Each structure stands twice: as structure tokens, then as C-alpha cells.
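The block underneath contains the structure these notes are about, expressed in C-alpha cells.
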Amino acid sequence: MRKNSVHTAISKWINSIEKGQIRSLSRAITLVESTCIEDQNRARDLLDGALKRLNKNGHTPTIRVGISGPPGVGKSSYIESLGMHLLSLGFRVCVLAVDPSSRVSGGSILGDKIRMERLSTQVNAFIRPSPSQQVLGGVTHATQSIMSLCELAGYSVILIETVGIGQNEGAVADMVDCFVLLNQPGSGDELQGIKRGVLEFADVLLVNKMDGATKYLAQQTLQSLRSTSQLITHSLKNYQVPIIGVSSVEETGISESWQAVTKFLEQATSIGYYEHKRQMQQKQWFKKLSEFYWLQYLHSAKHSTPLKNMLLKEMQSGKISILEAAQEFTRSLLNN
Amino acid sequence: MSEFSSQDAEHLQKKALYTADDLNKRGFKPQRPGKFPYRMGPYDTMYTGRPWTIRQYAGFSTAEESNAFYHDALENGQKGLSVAFDLATHRGYDSDHPRVVGDVGKAGVAIDSVEDMKLLFKGIPLNKMSVSMTMNGAVIPVMAAYIVTAEEQGISQDQLRGTIQNDILKEFMVRNTYIYPPNPSMRLVSDIIDYTRQHMPKFNSISISGYHMQEAGANEVLELAFTIADGLEYVGAAVSRGLDVDEFAPRLSFFFGIGMNMLTEIAKLRAARELWAELMQDLFEPQNPKSTMLRTHCQTSGWSLTAQDPLNNIVRTTIEAIGAIFGGTQSLHTNSYDEALSLPTETASRIARNTQLILQEETDMTHIIDPFAGSYAIESLTHDLYSKAKKLVAEITAIGGMTQAIKNGFPQKKIEASAAIRQARIDKGIETIVGVNKYKSPDQEPMDVRNIDHSRVSQSQKRKLSLLKKNRDNELVKTHLSAIEKAAKSSKLNILSVAIEAARARATIGEISEALERVWGRYNAHHSTIKGVYSKVYEQDSEFKQLKEKVLNLSKLLGRQPRMLIVKMGQDGHNRGAKIIATAFADLGFDVDMGSLFSTPDEVVKQAIENDVHIIGISSLAGGHKTLITTLIEGLKKQNVDDIIIVAGGVIPEQDYAQLKSDGVTAIFGPGTPIIQAAESIFEALKDRFISS
Ligand code: B12
Ligand SMILES: Nc1nc2c(ncn2[C@@H]2O[C@H](COP(=O)(O)OP(=O)(O)OP(=O)(O)O)[C@@H](O)[C@H]2O)c(=O)[nH]1
Ligand SMILES: [Mg+2]
């Protein structure tokens with residue numbers, strides 16, 4: 001009986017997300033991001049229902065685009081311009097700004113949205129900045145789930161802004177259909193070095209700030225990127241990563257950059273790469289979810305506390321080694 | 001002084017004792033007033049020839065009401081006029097525009113056209129009266145309307161005396177009444193410099209202002225350096241357009257704020273004159289000595305005035321006025337004691353004016369030129385301010401000048417940090433504010449404040465607008481407006497010349513602004529907010545730590561940090577408070593969404609829902625609170641949102657608290673609220689609303 005009423009509440013919630021109620025969607029996102037155990041259980045039910053609904057109703061899959069680059073390169077400004085362009089093409093646009101860095105201390109000041117001033121007032125745009133936080137299993141795990149919720153709400157393009165600091169590009173690239181990397185004017189020189197690892201994830205490369213005082217430098221960067229483009233390998237055979245100059249402020253190169261995204265997706269679809277990538281995404285997500293549930297289990301297994309304490313004591317008194325203690329603990333949980 | 005000020009490279013170190021040694025170390029050389037580099041003053045006789053001009057900044061409601069106020073002030077000893085426009089006018093909107101519903105006539109006088117401008121100056125001969133106009137964003141239509149008003153009074157433009165503020169850089173930095181992006185805005189500044197150079201030889205084409213920086217939180221060094229750097233940027237822009245420096249530089253004027261550090265302020269004005277003169281000479285090599293002479297207006301600090309025990313403010317203002325006078329200002333505005341409550345009442349305005357009259361006519365202050373010249377302390381401070389500011393100016397030059405530095409957010413961040421430190425020091429009691437954090441007086445009756453009947457002003461403006469549009473030749477107006485667009489697209493025509501034609505044909509302020517907006521767009525400056533500055537002052541403080549701990553524990557129950565959306569609605573550009581609240585709350589463990597300046601209530605509703613915030617914190621200082629907050633709450637209700645906590649802060653008269661609370665505002669925090677106290681109270685509200693016990 002009780003289980004039923006929970007189910008009707010959840011399916012009502014899912015209905016209203018599907019109808020495009022932004023409040024329901026935004027609350028669902030909060031639930032998925034919540035660190036409370038009870039919330040996580042509800043989130044699991046909600047997500048489960050949402051995914052089933054997505055499959056059943058044959059939603060056309062959303063285009064998921066990751067937008068990354070170093071701090072201050074203009075990711076938010078670019079999304080403002082691209083988003084407005086996409087709306088004019090008839091898309092419904094969802095923007096998720098996630099900060100994958102872990103929280104240092106205190107709260108965050110979420111400033112990405114104020115750079116998306118016009119976009120944020122549009123009815124067909126939904127923008128949700130997420131603060132950095134210690135979500136179990138990492139932020140990307142939550143982002144996967146949120147994307148599905150946005151898909152259910154009928155958004156046809158999802159743009160994900162993440163700061164690229166040379167570490168998490170891979171994780172984000174794994175979640176999206178197309179990974180767009182923004183470059184700072186002037187970053188061309190260091191191409192041969194550390195940045196190459198990051199470049200490998202890029203499906204589309206942009207040089208931003210092609211305007212005003214930075215125009216000349218941006219053009220030079222574009223040149224030097226293009227001249228080394230043979231060094232940029234892509235896992236899609238015969239695909240030449242396009243390198244495009246844009247100005248998010250003057251809104252030049254925006255539609256070209258979107259054409260590059262769609263061209264990539266077409267090419268990827270035509271040879272089955274896209275299918276492959278989506279399957280990879282599912283696999284990744286499966287892995288992430290499993291890890292997440294495992295961690296959750298690990299942290300919530302109250303019955304194991306006495307054992308944990310005993311092992312710790314033995315370890316501190318030198319009876320067993322730290323490795324033995326950890327292994328013993330894990331093994332006992334598995335056998336439970 | 002505290003650990004902080006000594007770390008801060010831009011902070012001025014002061015010693016307990018200065019001796020002749022200090023002068024020697026600094027290579028002190030005596031100077032003369034009226035002689036380059038003008039440390040002792042721009043004129044050789046200074047106040048012994050003619051005292052400073054008493055020029056009170058005022059304007060409210062309609063042109064008719066402000067006009068009556070001006071006449072009264074002039075009959076009672078005031079010598080020059082200074083017009084405060086309302087925020088709709090500042091931002092280039094006519095009174096009937098949907099984005100200004102809460103702003104018309106509230107924080108200044110509503111001017112929509114030449115007809116309003118004529119009413120504003122009725123019975124005031126513009127060839128005799130020097131008029132200062134604080135206008136920057138909508139500077140083109142307002143100047144045009146002013147010139148046409150004079151013309152229709154029978155006065156040719158070459159007879160006009162006065163000042164147009166026309167200082168757009170500090171708008172992007174701190175004052176926030178810009179309209180267009182930085183580059184076209186800079187062109188407008190130059191167009192005006194060029195136009196006045198040719199046609200209005202007695203008119204100051206610009207008032208390069210540091211005052212607003214100080215009010216936004218800049219310390220004396222930052223204010224001085226950024227003002228001088230702004231000035232150099234304008235001169236550079238005009239010169240690179242082909243103007244000869246001697247043709248316009250003598251008509252540049254300055255504007256500084258004067259706070260409670262009286263001795264430092266005296267030194268600041270002296271240092272400003274010297275620094276400007278030397279840099280102008282070095283960089284632009286003018287022939288005319290007047291081109292290097294810094295003449296300035298000053299205003300006492302409004303920020304230093306308190307809502308608590310308001311009569312204390314008379315004392316503060318007097319001290320600051322003395323600082324400005326010993327510093328050698330050319331004109332002065334003194335604030336009213338009810339500054340932190342609302343626009344001044346008649347009584348408060350009279351006392352403010354009398355403060356200057358008393359200093360001018362009852363003391364011997366005007367009898368001696370630069371009485372502090374040669375003082376060990378003041379000369380040393382003058383020198384130190386001079387060199388610190390000079391270093392910062394060089395830093396800005398290295399960035400590529402002030403326009404670029406502002407685009408990078410460089411001066412903004414420094415000012416914000418300075419403001420946050422100041423707030424923390426006051427909240428913590430390191431700095432004393434009598435009646436606020438020390439020597440508090442028992443509860444007082446709320447003081448009577450000026451109340452503006454906003455709907456009456458709005459209706460009257462709308463009526464005048466529709467009458468104007470009925471009586472004019474609309475086709476002719478259209479032609480003139482497209483001429484303005486054309487002028488904006490080319491760089492050959494002077495936009496002010498073209499706009500004067502349009503104003504003559506009775507195009508409105510809003511229409512002329514909009515014509516330019518069609519070409520350049522409307523700009524909104526966004527910069528990231530600083531973090532960690534407020535909490536740094538509180539390091540090791542147990543109360544602060546405890547609150548942080550409580551917030552952390554609450555976060556565990558909520559499943560996330562408490563999330564607050566901080567909003568500024570309408571055309572109110574006062575964001576010092578909003579930024580300080582944002583940075584301090586983030587330091588305490590809140591997630592803070594910063595809303596855009598100039599939001600509408602509907603936009604706030606959408607953002608609050610999308611971000612799923614626990615709290616909306618409204619900061620309102622320009623008098624639009626009743627209209628805007630009520631509309632916001634209605635908007636939330638329409639979306640069935642009933643659990644978001646609404647709090648408000650800023651300049652909200654106590655008389656309005658009851659209505660706001662009955663509309664659904666949980667708490668209101670007025671000027672002088674210690675942030676920790678506001679955070680405690682919001683913490684309790686969160687617990688009540690979201691945690692079932
Ligand atoms: C500083 C200041 C300015 C600066 C603003 C710089 C900036 N970027 O913010 C400058 C010089 C640019 C300025 C300009 C103008 N100003 Co002014 N200004 C002030 C002044 C002197 C102090 C305000 C301030 O920053 N205080 C310090 C901050 C920290 O305090 P606060 O904002 O009150 O915030 C505290 C609390 O209120 C509370 N709080 C506030 N918001 C929130 C939000 C939340 C969520 C919480 C929890 C708490 C909270 O906590 C804070 C900490 O204690 C006030 C008078 C006064 N003493 O209050 C006039 C005042 C606000 N200004 C006024 C006017 C009219 C103007 C102009 C419109 C004048 C004109 N016609 O041109 C212009 C236009 C500005 C614009 N774009 O809107 C009037 C408004 C009149 C009215 N309400 O009826 C005032 C009241 C002065 C007066 N009496 O005439 N101004
Ligand atoms: N000239 C120029 N400036 C730009 C452009 N795009 C962004 N900027 C500026 O670059 C700065 C950073 O822009 P954001 O859009 O916030 O950059 P971001 O990459 O989202 O920054 P974070 O989210 O903080 O990592 C701002 O000052 C923008 O105005 C552009 O195309 N041209
Ligand atoms: Mg960003």
C-alpha cells in the first residue's frame with residue numbers, strides 16, 4: 001500500500017517533468033544531487049521511472065554537447081551566443097554548468113549564469129548551474145542522470161559547461177556526443193606540450209575572442225593550431241578535427257561552429273561511431289552507477305561499524321598491517 | 001593597525017609622528033599656489049579671492065517639483081545647481097518603459113524630453129547659473145535637451161557654464177548607469193569633448209570622478225589612482241582623434257569623495273593636483289598651463305552616514321567638509337543627515353547647506369591658503385599617496401589603459417576587496433562607527449523621511465509624454481532618429497550635433513537612446529565575485545567558526561548547501577551591499593547565485609525556480625522596493641512557489657516594513673546590519689522552513 005503511494009507520487013512527478021514543468025525538473029535535479037541517503041533512494045526511483053519512460057515513449061535522443069576549456073576562456077559567453085543561435089533554429093536548449101573541482105571550503109558563488117543573460121530569460125532555455133560538491137561517486141555521475149531528466153523534459157540540445165583544467169576533460173568527453181574545446185588566444189605555442197593530451201578529446205576545436213584587442217593573437221593561435229592539426233589524432237577514422245575562430249562577444253563564427261558539431265555527428269552516425277559512442281556512454285554510466293551504489297553501501301553499512309573499529313584498533317596496535325585491515329573489511333562486507 | 005592594512009600594498013601606512021626627517025627623506029620642495037604642479041591649489045588667491053561654490057546635488061519626482069526645490073535653495077545661499085536625474089533617465093528609458101516601473105522619479109528627477117528640461121530650469125537663466133549634470137549613460141540626449149532648453153530661453157550655447165559628468169569609465173567600474181558597450185561609449189565621451197570644445201567654451205566637458213569609487217569601497221589610494229588613470233584615458237582618446245590637447249584639457253574637471261579620514265583626504269586632493277599636472281605634462285606636453293591644472297568638485301561621503309542615530313551624521317558631514325576645504329576643493333556638496341534613510345527632506349537639506357555656509361562665513365578657513373602646506377605629516381602623506389597612486393597608474397598603463405583594465409575587471413576586483421575588508425572590520429568591531437557598532441543609543445522612533453508618490457509621478461510623466469507625441473511632427477522625428485543611427489554607424493559625424501536636431505523636433509530621451517541602442521546594443525557588465533576576503537578578517541574568530549559549523553550541519557540535513565539567489569531589480573545599480581553579502585555568505589558556506597543587475601521580477605522568478613534556491617535575497621537601495629518586491633511575490637505565487645524564503649536589505653524606510661512583511665518578506669536588514677547577524681537570522685528561518693523537527 002505504502003509502496004504504491006510512493007509510486008504514484010513518483011510517477012506524477014515524472015509526468016510533470018515530461019510536460020515540461022520547470023519546477024518539477026529543477027527539483028528533480030536537486031534530488032539527484034542531494035547528499036542525503038533518503039533523497040538518494042528517491043532519486044533512484046525517480047530516475048528509474050524516467051529512464052523507462054524515455055525508452056517507452058521513444059523520445060528522440062537529445063544532442064549532448066560538452067563545452068570545455070580553461071577558466072575564463074569564454075565558455076559561458078560562448079554558450080550564451082550558441083544558445084541564442086540554437087533557439088533561433090527551433091531547438092529547446094538546456095545548459096548544465098558543472099564545476100568538477102572539489103569544494104575547498106565554504107560555499108560557491110555561481111557566476112556562470114550571469115554571463116548568459118539573454119539566454120537565461122528565454123522560455124525555451126533552461127539553465128542550471130551546479131555548485132561543486134562532494135557527491136558520492138563524483139559530479140559526473142549526477143550529471144549523467146540529470147541529462148536524462150532534461151531529455152525527458154523535452155530539451156533537444158544539452159550543453160554542458162565544465163572548466164577544463166587538464167584532468168576531467170576525459171570524464172566529460174565520455175558523457176557527451178560531441179566535445180567542443182575552447183582555446184584561449186595565445187595558447188598556441190604550448191600545443192606540442194601538455195595540452196596535447198587534452199586536445200585528443202576534442203571533436204571540435206574553437207579559438208575564442210576573435211575580436212577587438214585579442215583578434216590578432218586569436219588569428220595567430222588559429223594559424224598555429226591549424227598548422228599542427230595533423231598532430232591531433234581522432235578516434236573517428238578519417239575525421240579531421242575542425243578548427244574554427246569565434247567571437248562570443250561579437251557573435252561571429254557561432255553558426256559555423258554549430259555546423260561543425262552537426263557535421264561531426266552526421267559523419268559519426270553514418271559509420272556507426274555514434275551508436276558506438278552511445279553504447280560506450282551507457283557502459284561508462286553503468287560502471288559509474290555501480291561504483292556509486294557500492295560506495296553508498298560501503299558508507300551506509302552500519303552493521304559493519306564494530307568490525308571497522310576492531311580492525312582499526314588491531315591496525316594501530318600493529319597486530320595487522322593497513323593492507324590486511326582494508327582487505328579484511330572489504331571482504332567481510334562482500335560476504336554479508 | 002590591523003594585520004590586513006599592513007599587508008595591503010595599496011593601503012597607506014600612517015605613522016604616529018612625522019618630523020622634519022620625513023620631509024627630507026621624501027625630498028620635499030616647497031611650492032606656490034596657482035603654479036605648476038599646483039599642490040597648494042590651482043589658483044594663486046584660492047578662497048581669499050572667492051570661496052568654493054556651494055553646489056548641492058538634488059533632484060526628485062517631477063521637473064516641476066525639483067524646480068521649486070532649486071529656487072528655494074538658491075534663495076537660501078546655494079550658488080550653483082547640480083541635477084540628480086532618476087534612474088530611468090540615467091539608463092535611457094522614457095518613463096513609460098516597462099523596465100522602469102519601480103524607478104520613475106524615485107531616486108532623482110524624471111526627464112523625458114526638452115519639455116521636462118524647460119520646466120526643470122524655469123526661471124533660472126542658464127547663462128548666469130552654473131549647472132552641473134550628473135549624466136553619463138544617456139549623456140547625448142540629455143546634453144541635447146539642455147542645449148535646446150537654453151536656446152528656447154534665448155541663450156546661445158556658447159554662454160552656457162557648468163559641467164556634464166560624461167565619465168563613462170567609472171560607470172562600468174562602480175556606478176552602473178552605462179547603456180552601450182565600452183568602445184562606443186568612449187566615442188560618445190570624445191564626441192562631447194569635441195563638441196563643447198567648438199561650441200561651448202565655458203562648459204566643463206567631463207567630470208572625472210573618483211567619488212563613486214570611494215562610495216563603492218575604494219580606499220584613498222585606489223580612488224586617486226583610478227581617477228587619474230581614467231583621466232589619462234580620456235585625454236588619450238581625444239588626442240588620438242586628432243584634437244590638440246590645449247583645446248580641451250583646460251575644460252576637464254574632477255570630482256572626489258571625502259570620507260572620515262580627514263588628514264588623508266586633505267593629502268589626497270593635494271596629491272591629485274600634483275600627480276595630474278606632472279603626468280599630463282610628461283605624456284601630452286601641453287603649452288597652456290591650464291591644461292595641467294586639476295580643478296575639482298567634492299562630495300562628503302554618503303557611505304559614512306548611518307541610519308542609526310541620524311543626527312550624528314551632521315557631525316560627520318562637517319568633518320568631511322572641512323577635509324575637502326583644507327584640501328582646496330573648488331566646489332562642494334555636503335550630505336544631509338537622513339542620507340541613509342531616503343532622499344533628503346527639506347529640513348535635512350537646509351542643515352546640509354547651512355553647514356557649508358557656516359564654514360564659509362563664520363570661520364577663518366577661507367582666510368589662509370593651504371594652511372597645511374609644510375606640515376610634516378600632511379606633506380609626507382601627500383607624497384606617499386602620490387607615489388602609491390603613480391605606481392598603480394603605471395600598472396594600468398601596462399595593462400593597456402583603463403578601458404582594457406576595466407574589461408579585465410582589474411579595478412573592480414580591487415575595489416570589491418577593499419569594500420569587503422572594510423565591512424568585515426566594522427562587523428567585527430575593529431573600526432568604530434558610533435551608534436552602529438559602539439555607543440548604540442536605545443530604540444528610537446523612525447524619523448520622518450521624504451516619500452515620493454511614485455504612481456502620481458509616473459502618471460504625470462506618461463501624460464506629458466503622450467501629449468508631446470501628439471503635438472509633434474512624428475515623421476520629422478523619425479527622420480532625425482534615423483540620422484542618429486547613421487551617425488552612430490559612421491565615425492565622421494558628431495552624434496551630439498545630430499541629436500540636438502532630434503531634441504529640437506521633440507524626440508524623447510528614450511527615443512534618442514534607443515536609436516543608438518539599435519546600432520550598438522545594450523550592454524551589461526559582468527564580473528566574477530571575489531571570495532575569501534571577508535572570512536580572512538574573521539580568521540580565528542569563534543563566533544564566525546561556530547556559524548560556519550552550523551551551516552555545515554544544516555547542509556547535511558538539507559542534502560546540499562543552503563542556496564541563496566541575490567537579486568537587484570529595476571534600474572538600481574547600487575551593488576556594493578549585494579556583492580558584500582554574496583562574498584560573505586559564500587564564505588559562511590552558502591551557495592550563492594548572483595543575479596544580473598537590472599533584472600525584472602519575472603526574470604527573478606524564472607531563475608529562482610530553475611536554480612531551485614532556498615532563499616531569494618533582494619537588495620534594494622533606490623526606492624523601488626515596494627513596487628518590485630510585491631510584483632516578485634505575486635510572480636512566485638502564480639507559479640505556485642510558496643516555500644522560498646524572501647529576505648530584503650538596503651535602504652528601506654522602517655515605515656515600509658509592515659507592508660513588506662505582510663506581503664511575505666520574512667526579514668528586512670537595513671543599513672548597518674552586521675552580516676553575521678543577518679546570516680544567523682536567515683539560518684534560523686531556513687531551519688524553521690526546511691527542517692522538520
Ligand atoms: C554607496 C552609494 C552609492 C554608490 C554606489 C556604488 C555601488 N556600486 O554600490 C554611488 C556613488 C555610485 C551611488 C550612486 C547613486 N545613488 Co547612492 N548611495 C550610496 C550610499 C551612500 C551607501 C550605500 C552602500 O553601499 N552602503 C554600504 C552597503 C554595504 O550597505 P547596504 O547596501 O545598505 O547593505 C547592508 C544592509 O542594507 C544589508 N543588505 C543589503 N542588501 C541585502 C541583501 C540581503 C540578501 C541581505 C541579507 C542583507 C542586505 O546588509 C548590508 C550590510 O550591512 C547610500 C546611502 C546610505 N548611506 O545608505 C546612497 C543612496 C542609496 N543612493 C541614492 C541615490 C539616489 C543614488 C543615485 C540614484 C543618485 C542619482 N540620482 O544619480 C545614484 C545612481 C546609482 C545607481 N546606478 O543606481 C539614494 C537612494 C534614495 C532612495 N532610496 O530613496 C541613497 C539612499 C542616498 C540618498 N539619501 O539620497 N550611490
Ligand atoms: N573579447 C572577448 N572577450 C570574451 C569573449 N568571450 C568571453 N570573453 C570575456 O572573457 C571573460 C570570461 O568569460 P566567461 O564566459 O565567463 O568565461 P568562462 O570560460 O565561462 O569562465 P569560467 O566559467 O570562470 O571558467 C569575460 O570577461 C568575457 O567578457 C569573446 O569572444 N571576446
Ligand atoms: Mg563560465
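Atoms considered below: every heavy atom in the structure, side chains included; atoms not considered: hydrogens, waters and symmetry mates. Here is how names work: the chains are called A, B, and so on, in the same order as the sequence lines, proteins then strands, and each is numbered from 1. The model shown is predicted, which means the values in this text are computed figures rather than measured ones.
Chain A forms more heavy-atom pairs under 4.5 Å with one residue of K606(B), Q639(B), E603(B) than with any other, namely K606(B). For the set I29(A), L25(A), L31(A), I22(A), the entry with the most heavy-atom pairs within less than 4.5 Å of chain B is I22(A). Ranking V123(A), D39(A), I127(A) against chain B, the residue ahead of the rest is I127(A), based on heavy-atom pairs under 4.5 Å. Per-residue counts of heavy-atom pairs under 4.5 Å with chain A were compared for N183(B), D593(B), N611(B); the largest is that of N611(B).
At a 4.5 Å heavy-atom cutoff, V551(B) makes no contact with chain A through either its backbone or its side chain. Contacts of L558(B) with chain A are made by backbone atoms alone, with heavy-atom separations under 4.5 Å and no side-chain atom involved. Contacts between I566(B) and chain A at a heavy-atom distance below 4.5 Å are absent for every atom of the residue. Heavy atoms of N640(B) lying under 4.5 Å from chain A belong exclusively to its backbone. Using a 4.5 Å cut-off between heavy atoms, K556(B) touches chain A through its backbone atoms (N, CA, C, O) alone.
A salt bridge is absent between E549(B) and K545(B): the closest approach of a Lys/Arg side-chain nitrogen to an acidic carboxylate oxygen does not fall below 4.0 angstrom. Under 4.0 Å is where a charged nitrogen must lie from a carboxylate oxygen, and between E610(B) and R23(A) no such pair does. In this structure, R563(B) does not pair ionically with E33(A), as no charged nitrogen and carboxylate oxygen lie closer than 4.0 Å. Remark: E680(B) engages K550(B) in a salt bridge, criterion side-chain N to carboxylate O under 4.0 Å.
Within the 4.5 Å cutoff, side-chain heavy atoms of E161(A) are placed close to those of D112(A).
No side-chain N or O of N124(A) forms a donor-acceptor pair with one of Y155(A) less than 3.5 Å apart.
Heavy atoms from other residues, nucleotides or ligands lying under 6.0 Å from CD of E543(B) number 12 at most.
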